[in-house]
Amino acid sequence: GQQVMQIPQYQHVQEGEDFTTYCNSSTTLSNIQWYKQRPGGHPVFLIQLVKSGEVKKQKRLTFQFGEAKKNSSLHITATQTTDVGTYFCAGPGNAGGTSYGKLTFGQGTILTVHP
Amino acid sequence: GAVVSQHPSWVICKSGTSVKIECRSLDFQATTMFWYRQFPKQSLMLMATSNEGSKATYEQGVEKDKFLINHASLTLSTLTVTSAHPEDSSFYICSRGQGEYTEAFFGQGTRLTVV
């Protein structure tokens, strides 16, 4: 499967500040997905990016997929305390690119928001 | 509502005993399901792929005799941690997909503590 690196590992912000987490793969990804895991909870799907250079927005969240389909980022504008959690990127878990739900996760970024 | 149900949510067992965790796909007949393990503040690591009606496929480094997986029906996969030891204490979580390029749907996870 693919290997996906994610940074930073931790991010502490004041409420209202922006936040960005980055993912990078050494190989081209057919797609990349983003998940959020609240403390004590399970990962919840946020979005999937498939096209080269794709940018998608969900309210204050902006997701980007690089032109080479090797990197991706998640940016949160004006963080709120409800944004607290761990954000994971995930690539397909099969070398061929398809996944059928099998994923290789990045290390995750733990976001703390101070009110 | 949840499409993957996992039980129990938490379990405490004595060292040397076995623990069974159930994962049910509630709305989809899943020929394949996945089991992950997550240590505190770490990422989700794929342990094995559960295949309905056939043997599970284990990731490198995962002991198949210790982590027994059974996928006897299209809606149920079970993970049994045999002869559990304190180092097996972790968050175990199952998931399934729904197609070739698909998001993963996760169960609620099981927090196992071996004392």
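In the text below, chain A, chain B and the rest are named by the order of the sequence lines, each starting its count at 1. Worth saying up front: this structure is predicted, and the values here are computed from it rather than measured.
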Turns out that what part of Gln6(B) lies under 4.5 Å from chain A's heavy atoms comes down to neither
Going only through I, L, V, M, F, W and Y residues with side-chain contacts under 4.5 Å, is there a path from Val62(B) to Leu46(B)? no
Do Phe45(A) and Val3(B) share a hydrophobic cluster (ILVMFWY, side-chain heavy atoms under 4.5 Å, transitive)? no
Is it the case that atom NZ in Lys20(B) sees more than 12 heavy atoms from other parts of the structure closer than 6.0 Å? no
More than 12 heavy atoms from other groups under 6.0 Å of CD on Gln29(B): no
Modelled atom types, side-chain donor and acceptor of Gln107(A) and Gln42(B), under 3.5 Å: no
Report the distance from atom OG1 of Thr57(B) to atom NZ of Lys102(A), rounding to the nearest 0.5 Å. 7.0 Å
Applying a strict under-4.5 Å side-chain criterion to I, L, V, M, F, W and Y, I'd like to know whether Tyr58(B) and Met33(B) cluster together. no
Taking the six-membered ring for Trp and the single ring otherwise, decide whether the centroids of Phe106(B) and Tyr35(A) are under 6.0 Å apart. yes
Quick check for you: among Lys41(B), Arg96(B), Met45(B), which has the greatest number of heavy-atom pairs under 4.5 Å with chain A? Lys41(B)
Among the clusters formed by ILVMFWY side chains lying less than 4.5 Å apart, do Phe91(B) and Ile21(B) turn up in the same one? no
What distance separates Glu103(B) CD from Gln33(A) CD, expressed to the nearest 0.5 Å? 7.0 Å
Under the side chain to side chain contact (heavy atoms under 4.5 Å, CB included) rule, what do Leu44(B) and Gln37(A) come out as? Steps first, then yes or no, please. CA-CA 11 Å; Leu44(B) 287 83; Gln37(A) 184 178 26; 4.2 Å; yes
Might you confirm whether atom CZ of Phe28(B) has over 12 heavy atoms from other residues, nucleotides or ligands at distances under 6.0 Å? yes
Residue Phe88(A) versus chain B: region with a heavy atom under 4.5 Å: side chain
Interface check, chain A: of Ala30(B), Gly107(B), Gly109(B), Ser9(B), most non-hydrogen pairs under 4.5 Å belong to Gly107(B)
For the hydrophobic clusters of this structure (ILVMFWY residues joined by side-chain heavy atoms under 4.5 Å, transitively), does one cluster hold both Ile93(B) and Val114(B)? no
Judged by atom type as modelled, is there a donor-acceptor pair below 3.5 Å linking the side chain of Ser43(B) to the main-chain atoms of Gly106(A)? yes
So Leu103(A) and Tyr36(B), side chain to side chain contact (heavy atoms under 4.5 Å, CB included) or not? Walk me through it. CA-CA 10 Å; Leu103(A) 300 170; Tyr36(B) 295 83; 3.7 Å; yes
Which bit of Ser95(B) comes within less than 4.5 Å of chain A, counting heavy atoms only: side chain, backbone, both or neither? side chain
Tell me, side chain or backbone of Phe105(B) under 4.5 Å from chain A's heavy atoms, or both, or neither? neither
Lys66(B), NZ atom: more than 12 neighbouring heavy atoms under 6.0 Å: yes
